[in-house]
Novice: 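Take a look at this one; I'll ask things after.
To find a chain, count down the sequence lines: A is the first, B the second, and so on, and within it residues start at 1.
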Protein chains: 2
Amino acid sequence: MKTNILHKAFLFFVLAALCSCADKTTSSKTTSSSTHPSLILTKTGVENIRTHLGTIPIFDETLAATKAEVDAEIDNGIEVPIPKDYSGGHTHERHKKNFFILQKAGALYQILDNETYAKYVKDMLFAYATLYPTLPVHPKTRSYARGKLFWQCLNDSNWLVYASQAYDCIYDYLTTEERANLETNLFKPFADFISKGNPKFFNRVHNHSTWGNVAVGMIALAMDDDSLLQRALYGLKDVNIDRDLKDDDGGYINRDGKIGFFANLDEPFSPDGYFTEGPYYQRYASYPFLIFAQALQNKKPELKVFKHKDSVLLKSITALINLSDKDGDFFLLNDAQKGMSYYTSALVSAVDIGYHFGGQNPELLSIAQKQNKVALDDAGLAVALGIKDGKTKPFVKKSIELSDGPEGNQGAVGILRSEAIEVVFKYTAHGLSHGHFDKLSYSLFDNGDEVIQDYGLARYVNVEQKGGGNYLKENKTWAKQSIAHNTLVQNETSHFKGKYDIGSKYHSNSYIFNVENKNIQIASAKEDNAYPGTKLHRTMVTIKDDSYHNPYVLDIMRVSATSSNQYDLPIYYLGQIMQTSFEYNKLPVPQILGKNNGYQHLYKEAIATTKGETITFNWLHNNKFYSYTAITAPNDTVILGSIGANDPEYNLRNEPALILRKKGVKDALFVSTIQSHGTYNPVFETAINAYSHIKSIVVVHNSKAYTAIQIETDNGKTKLIIISNENNDASKTHTLALGDKVYTWKGPFKCKELN
Amino acid sequence: MKTNILHKAFLFFVLAALCSCADKTTSSKTTSSSTHPSLILTKTGVENIRTHLGTIPIFDETLAATKAEVDAEIDNGIEVPIPKDYSGGHTHERHKKNFFILQKAGALYQILDNETYAKYVKDMLFAYATLYPTLPVHPKTRSYARGKLFWQCLNDSNWLVYASQAYDCIYDYLTTEERANLETNLFKPFADFISKGNPKFFNRVHNHSTWGNVAVGMIALAMDDDSLLQRALYGLKDVNIDRDLKDDDGGYINRDGKIGFFANLDEPFSPDGYFTEGPYYQRYASYPFLIFAQALQNKKPELKVFKHKDSVLLKSITALINLSDKDGDFFLLNDAQKGMSYYTSALVSAVDIGYHFGGQNPELLSIAQKQNKVALDDAGLAVALGIKDGKTKPFVKKSIELSDGPEGNQGAVGILRSEAIEVVFKYTAHGLSHGHFDKLSYSLFDNGDEVIQDYGLARYVNVEQKGGGNYLKENKTWAKQSIAHNTLVQNETSHFKGKYDIGSKYHSNSYIFNVENKNIQIASAKEDNAYPGTKLHRTMVTIKDDSYHNPYVLDIMRVSATSSNQYDLPIYYLGQIMQTSFEYNKLPVPQILGKNNGYQHLYKEAIATTKGETITFNWLHNNKFYSYTAITAPNDTVILGSIGANDPEYNLRNEPALILRKKGVKDALFVSTIQSHGTYNPVFETAINAYSHIKSIVVVHNSKAYTAIQIETDNGKTKLIIISNENNDASKTHTLALGDKVYTWKGPFKCKELN
């Protein structure tokens, strides 16, 4: 219904727009043989779009919304303020808004053939051409690479990536003198400043440089400046950067000497399309990667950018969608803010480009339909036509392992999906400067809701009142530390001593990833370097038993060390404690758990000492009942706590944690299950399946070679799971005697129903 | 689309059902002149329903869903276990399920004319008739009035209210001997046990007794037993109950000697239809009230029950809907669990009965449409026909004041609604045994989300692992205490010393309720008895300024005392602190705020001392930015804290609080505003209007007679609000000089734009 109304309204104003402008469009079109627009919109593309306008609902609606937004800005008048603020502040947000509107107004000029938009773009660009030469470096000093319009070159680059597209769209509308003015006073010095003026920013492998390279590349393409294009593609030559120099986040500026757009494409993406910084930053980098690739494909097809590295850019799009939960929210790997999803505008472009340049995969159309908008360009048109023609197929997210590292041999992310349950298991490389010290950590989602959470970053992005919207100091002291994650911590120190230069040398390794049997899916990985002398081997299994509505998750963390240590394994459950099978002592007031490495941010609220029994911890979250069931050894400690100590400005979310602690042991085996077993309905006030279905978990064997676990459930069934700890050869035959039975099987694991 | 499919499926099985039964329906229908069914379904009603079946979508769908549910239970077989558990436990939940299914199966028998359902009801009733005579009192001892099937007579009464309807439906299907068996072995002794056997339960004014009276009344009507009906309507005569006896919740059993159904109707309902225990318990009591009224109307129309006390029962239905937020969730007044809403089945009956017997108010149809089901009886049919005939009108919830007390002179609840903002201001009587010590407290909702919360009860209803699903001890030690509410606390003691027998003697008084101007709506009330010698006067105002998207709320709490005291005024904001205008010191670890009266459950986390400035406290909740702005005096204390101290079993929700404290003063004036001023979008990562719009709040006058406040906002405007503190006569003319200006106005308040 809504669609129809919008649709009619749109038709009305498009027709009105086309009619009212028909008489004034001839004057400026002097160069009919011009090659502009040629970046994102093309001359042929524009013709096609105009032909289909009014018959392609998703495109028409996006166009109507964009027109309304730009018209309102035109009414407001142009504002190009003197730069002053951090993100969230007025001048920052104004310049940011300006570049988005520039790009949109440029596209509207082409599509609607209405000079109002061209004039608006021209006027604003001239305002910038007047201001820019007068600007010193930005007054705010927090960045290692300060910009001019913004406090960091990164945002200046954002501006240029969008402004280049606007310039391309009105290129033919401008006189030669006008172009010369803009290029001389604005674009060339702008491109020089973010490259030559900031080699530490421009010449590295990092999402910052991707933006920088692409900004220079886009304006190079718009201006047809080949020398500048070479700088974008292959970096700034003859600049020496100290190998040991670091940026604000503690990442090396340039350790390996790799530079330029292609290096930024080769290095962070694995052959599977996984971006080593994680999905949150891939989302951020995907716009420059893909928009520049689209422009290169249009203007320099001979570079075959979409075929580069076995089509890694196209693969990265489906990889990124696979790294989102049921609702499209990205998994929290490394620095990442909750709530970012494939509904973000960068992903609208990404999905459209992926469809248009990547073989028209009909599953992408279903994502575009959810996004309910398209890019106003050739790619968006292709998607709109695909949807209109009924080609859409659902995008089915399956269990998937995505390798990390340029060659795909630096570990991976393993995602197990079993009905409503998603387990995100991380055994990657460090993830550059946004990486966390969280080897073999995991998070768990139930029907799109996070239940065992990854904390994400400690930042309120663009919320000025929280540290200017930038990274908060707790990002280093808490969010990146190992104890902030659902993984093992030895002796209250973070993996790799919490040092980036150590962590970035290593990666975990995938050991098993087998999802052939949808009822028993397994991901297993090893980490040998997080703590010298200590080897970690974690196995996550999703188990679907027909007796129960939901699958449950088995977690086996095996630790082998050369010395005696304390081991902590936290779970950051979200929700309210309902019941525990063990007695705990709640402290009169919370105590601070430790001194450093993130422990200083945790409150210890209650404590229990185990007797070696299987413990059950039952909680309620979002009206669902969950249970954590774990084996213990005598004198293990269970710590119930919460986040928020040493947090003088309430920067941290005060959320709960359970830590299982083993002290003074060399080798240790943590085995637990997580179940989503029941529901509460506050309207009917009924609790269904409020209790755990796991009766017991027993370690029936644990040697260097094998670990065997038996799980007994309340339907009277017992399952045996055996993991081969040393040989993951799929064709290898194993034999193991357990009690009076001998089991023989092929491959690195065995799962058997015992009754 | 879904409707159509269900519709067709329904038609299919209804036709099938009708056909397959046609040949076996004659045998049992021996008494065609019988008066059964006559309680909820009537003979004429059944005929009408059958006539319209298949053409009344909402009725047809409810019937299809009910049939599916009952058929599944019939397949499962009958289970009537020996009573053993508290709520949440198996035997409790089974008997509870049984009575719901009995009632539904009875209705299906009548509507579908299918003996399967009659036989099922008969078999189950006979199983109960066999079990019941063997039962001792229930083994669980927690209740002051233990039942036989359940741990409290209350639940036994639930059972009989539903079972009576089932019995009425199959009355004619049974032989005389079968009826005699059921009545002798089950129904009469059952009715006697919950009345004669438990006079403390039966003979009082309380939702428990309402259920008890109605249970006896319903079975009396079904059995045509007039003596039992008299007992239900007018109570059990010649029983003396100690006036000072209390129940488990601390409420008096029977202080006033009022007994029976009509007393339960007269006492707790005000002339406006407000139920003194609050909406959560009204929802619970509304089913017996209304279902019995419906039965009485059908069977004893001469009693004119719906006209009783100026149609109070009908008024109570719209009152209850008005006591819900935008999403239909009931406001948290007194003991109340969050999430209970008008989607509960008791409200389906209530809305249908209200429509059918209350003049067919078309606004009720919109609530029925949201509920998307109807009662399977004459009232449900009326609603289904109303919807089908397109009579539905939206139910518009307006600002409203609902008086409390049998005569409507014991205070009130004032609800101010201004666009998305709802302020629930409580100045009622105590609310019987479920009342909280929260005179002049308020809560605030924004677009259906609670922002300044009322904690509600300390209980997880029917969640067995939390104290058997019953009230937790923290309900008394925390949830009922004054400090658990957004109201003033003197010297860390609760109102009325936290004593029910004192609190139940008093009520607050409405002083102003004026919502004529939708841009300035005002509710003002006084409380003189909570603390002897101290008078409280609170005024809440919603102010809509065209410059801003949302209205904001002004809160003036005026305290006048005969001695020097400490005053605490908390706000239980929900969300994360973004920024404060004042500096605070976060303590290294939280401290317990106090020793008693709820203070022992609060952690003090941070503390600030004010200099007499206007303070602003900015927070983020559900991606919206809020600010609390308050005037202070020099050396006031701001305490930032959280709930959860002395909570050994994690029964409390760990949620935040801000307390503004004034020490060593007699009179005090707390003035603050709450604004919902901005939004955060985590997908676009944009913060819009993140900061407060209030520049200053100034007290320009405060005397015995008048309080005048000036609010300056960042649009350059200043508003003046004057409250007459001693005279609320609408016709009285006031004159007040402020500086060099003299203001003259009529009525108890004045609001003026100063520029």
Side-chain angles (χ1 to χ4, degrees), chain A residues 87-88 93 96-97 329 337-345 347 460-466 469 576-580 584-586 588-592 603 605-606 618-620 623 625 640 642 644-654 656 680-688 690-691, chain B residues 87-88 93 96-97 329 337-345 460-466 469 576-580 584-586 588-592 603 605-606 618-620 623 625 640 642 644-656 680-688 690-691:
Chain A
S87 44
E93 295 304 318
K96 185 172 165 187
K97 181 104 184 174
D329 286 6
Q337 181 166 277
K338 301 201 177 193
M340 180 53 72
S341 73
Y342 60 49
Y343 292 95
T344 191
S345 57
L347 265 283
Y460 295 82
V461 180
N462 293 333
V463 177
E464 196 195 38
Q465 59 266 53
K466 276 293 194 199
Q576 176 89 24
I577 298 177
M578 290 289 108
Q579 199 178 50
T580 64
Y584 54 82
N585 287 315
K586 191 105 184 273
V589 294
Q591 296 172 4
I592 298 173
Y603 284 122
E605 296 174 348
N618 177 270
W619 78 97
L620 181 67
N623 289 319
F625 290 106
L640 302 178
S642 62
N646 283 298
D647 177 25
E649 293 180 306
Y650 284 94
N651 285 340
L652 297 175
R653 302 189 308 272
N654 180 1
Y680 184 71
N681 183 322
V683 173
F684 294 106
E685 295 189 331
T686 46
I688 297 172
Y691 295 103
Chain B
S87 45
E93 295 305 317
K96 186 171 164 186
K97 182 106 185 173
D329 286 6
Q337 182 167 273
K338 302 201 176 194
M340 180 54 71
S341 73
Y342 61 47
Y343 292 96
T344 192
S345 56
Y460 296 82
V461 181
N462 294 332
V463 177
E464 196 195 38
Q465 60 266 52
K466 277 292 194 201
Q576 177 89 23
I577 297 176
M578 290 290 106
Q579 199 178 51
T580 64
Y584 54 82
N585 287 316
K586 191 106 184 272
V589 294
Q591 295 172 5
I592 298 173
Y603 284 122
E605 296 174 349
N618 177 272
W619 78 97
L620 181 66
N623 289 320
F625 291 105
L640 301 178
S642 62
N646 283 297
D647 178 24
E649 293 181 305
Y650 284 95
N651 285 340
L652 297 175
R653 302 190 308 273
N654 180 1
E655 287 162 343
Y680 185 72
N681 184 321
V683 172
F684 294 105
E685 294 187 333
T686 46
I688 296 172
Y691 294 104

Novice: Given heavy-atom pairs under 4.5 angstrom as the criterion, report whether the side chain, backbone, both or neither of B:D329 touches chain A.
Specialist: neither

Novice: Treating B:K586 as the side-chain partner and A:Y650 as the backbone partner, does any N or O pair qualify as donor plus acceptor under 3.5 Å?
Specialist: no

Novice: What part of B:L640 is in contact with chain A, defined as an atom under 4.5 angstrom from a non-hydrogen atom: side chain, backbone, both or neither?
Specialist: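 Backbone plus side chain of B:L640, per the 4.5 Å heavy-atom cut-off to chain A.
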
Novice: Looking only at atom types and distance, does a side-chain atom of B:N462 sit under 3.5 Å from a main-chain N or O of A:E685, one as donor and one as acceptor?
Specialist: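 Yes, B:N462 side chain to A:E685 backbone: donor-acceptor pair under 3.5 Å.
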
Novice: Check whether any side-chain heavy atom of B:V463 sits under 4.5 Å from a side-chain heavy atom of A:F625, and report yes or no.
Specialist: yes

Novice: Does any backbone or side-chain atom of A:Q576 lie under 4.5 Å from a heavy atom of chain B? Answer side chain, backbone, both or neither.
Specialist: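 Side chain only.
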
Novice: Which bit of A:K96 comes within less than 4.5 Å of chain B, counting heavy atoms only: side chain, backbone, both or neither?
Specialist: side chain

Novice: Of all residues at least two apart in sequence or in a different chain, which pass the side-chain hydrogen bond (donor to acceptor under 3.5 Å, both in side chains) check with B:Y680?
Specialist: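 Per chain and number, B:Y680 pairs via side-chain hydrogen bond (donor to acceptor under 3.5 Å, both in side chains) with A:Q337.
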
Novice: Just by modelled atom types, is the A:A690 backbone N or O under 3.5 Å from a matching donor or acceptor in the A:N618 side chain?
Specialist: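 Side chain of A:N618 to backbone of A:A690: a pair is present.
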
Novice: Pick whichever of B:N646, B:N585, B:L652 has the most heavy-atom pairs under 4.5 Å with chain A.
Specialist: B:L652

Novice: Based on non-hydrogen pairs under 4.5 Å, which of B:G644, B:P588, B:S345 is most in contact with chain A?
Specialist: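 Max contact count across the listed options: B:P588.
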
Novice: Checking A:L347 against chain B: side chain, backbone, both or neither under 4.5 Å from a heavy atom?
Specialist: neither

Novice: Test of understanding: with side chain to side chain contact (heavy atoms under 4.5 Å, CB included), list the residues that count as partners of B:T580, not counting sequence neighbours.
Specialist: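 Per chain and number, B:T580 pairs via side chain to side chain contact (heavy atoms under 4.5 Å, CB included) with B:I577, B:F582, B:Y584, B:F617.
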
Novice: What option among A:A687, A:P656, A:P648 has the most heavy-atom pairs under 4.5 Å with chain B?
Specialist: A:P648

Novice: Which residue out of B:Y460, B:F684, B:Y343 racks up the most heavy-atom pairs below 4.5 Å with chain A?
Specialist: B:Y460

Novice: Under the side chain to side chain donor-acceptor pair (under 3.5 Å) criterion, do B:E464 and A:Y691 qualify, and how do the steps go?
Specialist: CA-CA 10 Å; B:E464 196 195 38; A:Y691 295 103; 2.7 Å; yes

Novice: What part of A:A645 gets within 4.5 angstrom of chain B, counting heavy atoms only: side chain, backbone, both, or neither?
Specialist: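 Neither part; nothing is under 4.5 Å.
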
